[in-house]
Amino acid sequence: MDNKQNKGIFWQQAKLSAEEIKKMSKEHCRRVSIRIKMALLLSVALFIFGLISAIISYNLYLDYSVEQHKRLGDGISRLAAGIIPPERVDEFIEKGERAEGYSQIEQSLYKIRASSPDIKYVYAYKIEKDGCHVVFDLDDGDDEGAQPGDVINFEEDFTEYLPTLFAGGEIEPIISEGRYGWLLTSYTPVLDENGKCQCYAAADISMNEIRDQAQDYLYKVTLLFICIYLAILFVGFLLARYHIILPVNTMAYAAGGFNYDSQRAMEKSLAQIKQLDITTGDEIENLYHSLVKLTGNSVKYLKDIKKKNETIDRMQYAFILTLADMVESRDENTGQHIKKTAAYVEIILRSMKEHGIYADELTNQFMDNVINSAPLHDIGKISVPDAILNKPGRLTDEEFAKMKTHTVEGGKIISSIITAIPDSDYLYDACDLATYHHEWWNGRGYPMGLSGDSIPLSARIMAVADVFDALVSNRSYKKGFPYEKALGIIREESGTHFDPKIVEAFFAAQDEILRVADEFSEMEKKGENGAEGK
């Protein structure tokens, strides 16, 4: 669109005097004057624009506020669940304040409730068929909490959640409205060491202020719109079609079609708004620049949020990786095992991608997750005693049985981390790696005896990398095998110990794998020489 065609002087004719204008105003049109038509057109366009903006803004504000309250409720219920010992729930129900430690936990729950004015109630119930058995129920001003052991009947709108609660599962926060106002209730199961739910810790978050704030926000948005509407309507009586109608409609279209799906989509939408280049030289142009600034700031703000989230993710990963390094440092036999296996896993993954092996599963996200989670595969060794972990000779059957538990223990450790950081996708693959990397393709591995494709793909890849490093690396109880012998063992156990397709990818990248093995070998030799020099 050529903006120059939309510009021009207001007067398209000689300037009229006030007397001439007064005379012309006495003339009546057969139907409706152009000024009234313009006013009507502007009124409709601005009304639609304002209505769409108000609805979108109101809903976004309301959704954001509700989501924030959901996070608050989830965080408070999880915090409360963390301080309730599951093995003592039945004792608390039976004895109440007479039970040792009950009052201290109750005081801690009061402190948790006092952490935010939006927290209305904090309590813990054991869900049974006959109702909710009170474990903790805090007093709230004039409302006295129920006593331990009291049974509270289920409310009618609670029925749909009962099957999940009876099974000890997690449910989404419940939003309800009753005599206590508009509440959001979040439940977190208190699990014992066997993963069985002993009770639920719950937090009721008051959302009464959300509506007031949302209505106040809508009022301000409406007031702002009315002011702009009156100003533009006044100018609209004086301007031609190309000065008002097209700019407003294009801005409304661009604003209504702004895409928040991804960073790239937002930047594209912002670029489209900037390309409108509205230069009417009046309030419409000011409105346009305000819109550009607002959307630009929104994109920048969301970009900053994304960057901060990425920083948090890196911090989480660095912390977990440090934990893996600490675990490995206990094992005097493994050297740089986690770094070497991670390097081999990455090479194998790239080789699989290049040769189209398991192409449907080998997404970029999956590859990143497996590479990031590879260093955690032996984290379960933290549960293995040093005497077994660093024994210079062959392990006894009992010792080997204990050593094998590192797979299950590793899965448990990472599962507990997932509970705290549920949005870290790579931890789910890390859990598979830690638990199943000693399974065999023919089902003779441990801990579950899985076979074939029932073994997670990430664990099958790690199995090859893990065994290859174990074969070629020096240990206090053995010297590393020559590459030829190690490669022969890998090839020989294809189809029994290892997935044949992954072995195929391994040998397709054999040169790169041996080059990396040489690099690590040289690093270890330099480390040993440096240690001897000291």
Side chains of Lys412 and Thr435: is there a donor and an acceptor less than 3.5 Å apart?
no
Quick check for you: to the nearest 0.5 Å, what is the distance between Ile83 atom CD1 and Gln107 atom CD?
10.5 Å
Between Glu354 (side chain only) and Ser351 (backbone N and O only), is there a donor and an acceptor less than 3.5 Å apart?
no
Is Lys353 atom NZ crowded by more than 12 heavy atoms from other residues, nucleotides or ligands, each under 6.0 Å away?
yes
Answer yes or no: does atom OH of Tyr64 have more than 12 heavy-atom neighbours from other residues, nucleotides or ligands under 6.0 Å?
no
Do any N or O atoms from the side chain of Asn194 and from the backbone of Lys196 form a donor-acceptor pair under 3.5 angstrom?
no
Check this for me: Glu100, atom CD, are more than 12 non-hydrogen atoms of other residues, nucleotides or ligands nearer than 6.0 Å?
no
Donor-acceptor check, side chain of Asp204 to backbone of Tyr121, threshold 3.5 angstrom: yes or no?
no
Ring-plane angle category for Phe136 and Phe92, please: parallel below 30°, perpendicular beyond 60°, tilted otherwise.
perpendicular
Show your reasoning for whether side chain to side chain contact (heavy atoms under 4.5 Å, CB included) applies to Thr396 and Glu399.
CA-CA 5 Å; Thr396 65; Glu399 291 170 336; 3.1 Å; yes
Is a salt bridge present between Arg88 and Glu91, judged by a nitrogen-to-oxygen distance below 4.0 Å?
yes
Could you go through Asp74 and Arg78, starting from their C-alpha distance and side-chain angles, then the distance that decides it, and tell me whether this counts as salt bridge (Lys or Arg N to Asp or Glu O under 4.0 Å)?
CA-CA 6 Å; Asp74 183 66; Arg78 289 186 183 278; 3.1 Å; yes
Are any non-hydrogen side-chain atoms of Phe498 and Val467 less than 4.5 angstrom apart?
yes
Thr188 vs Tyr200, test: side chain to side chain contact (heavy atoms under 4.5 Å, CB included). Steps then yes/no.
CA-CA 5 Å; Thr188 297; Tyr200 281 88; 6.0 Å; no
Spacing of Ile357 atom CD1 and Ile502 atom CD1 [to the nearest 0.5 Å]:
8.5 Å
Tell me, please, whether Phe400 has Arg394 positioned over its six-membered ring: NZ or CZ under 6.0 Å from the ring centre and within 45 degrees of its axis?
no
Does Arg515 form a salt bridge (Lys or Arg N to Asp or Glu O under 4.0 Å) with Asp518? I'd like the steps, not just the answer.
CA-CA 5 Å; Arg515 178 184 59 78; Asp518 285 336; over 6 Å; no
Stepwise side-chain hydrogen bond (donor to acceptor under 3.5 Å, both in side chains) check, His437 with Asp432:
CA-CA 8 Å; His437 68 280; Asp432 286 340; over 6 Å; no
Near-ring test His377/His438, centroid separation under 6.0 angstrom:
no
Output yes when a side-chain donor or acceptor of Thr419 lies under 3.5 Å from a complementary backbone atom of Ser415, and no otherwise.
yes
Flag if over 12 foreign heavy atoms under 6.0 Å of CD, Glu128:
yes
Can you tell me if Asp469 uses its side chain to pair, donor with acceptor, with the backbone of Ala465 under 3.5 Å?
no
Between NZ of Lys339 and CZ of Phe520, what distance do you get to the nearest 0.5 Å?
7.5 Å
Quick one, Ile152 with Val134, criterion side chain to side chain contact (heavy atoms under 4.5 Å, CB included). Give me CA distance, side-chain angles, the key distance, then yes/no.
CA-CA 8 Å; Ile152 300 175; Val134 176; 3.7 Å; yes
Under 3.5 Å, is there a donor-acceptor pair between the side chain of Asp378 and the main chain of Lys381?
no
Donor-acceptor under 3.5 Å (His497 side chain, Glu493 main chain):
no
Between Phe468 and Phe506, is the gap from one ring center to the other below 6.0 Å?
yes
Looking just at side-chain N and O atoms, do His133 and Asp150 make a donor-acceptor pair shorter than 3.5 Å?
no
Should the pair Arg350-Glu346 be classified as a salt bridge under the 4.0 Å nitrogen-to-oxygen rule?
yes
So Tyr123 and Arg113, side-chain hydrogen bond (donor to acceptor under 3.5 Å, both in side chains) or not? Walk me through it.
CA-CA 10 Å; Tyr123 49 93; Arg113 189 184 69 182; over 6 Å; no
So, does Thr159 use its side chain to make a donor-acceptor pair with the main chain of Glu156 at under 3.5 Å?
yes
Please check: side-chain N/O of His406 versus main-chain N/O of Met403, any donor-acceptor pairing under 3.5 Å?
yes
Cation-pi between Arg491 and Phe507: NZ/CZ under 6.0 Å from ring centre and within 45° of the ring axis?
yes
Determine, step by step, whether Tyr125 and Val135 satisfy the side chain to side chain contact (heavy atoms under 4.5 Å, CB included) criterion, reporting the C-alpha distance in whole Å, the side-chain angles of both residues, the deciding distance to 0.1 Å, and the verdict.
CA-CA 5 Å; Tyr125 291 162; Val135 184; 5.9 Å; no
Under 3.5 Å, which donor-acceptor pairs do the side chains of residues 447-459 form with other protein atoms, sequence neighbours left out?
from   : atom 1 : to     : atom 2 : distance (Å)
Ser454 : OG     : Ser451 : N      : 3.1
Ser454 : OG     : Ser451 : O      : 2.3

Side chain Ser416, main chain Ile413, donor-acceptor under 3.5 Å:
yes
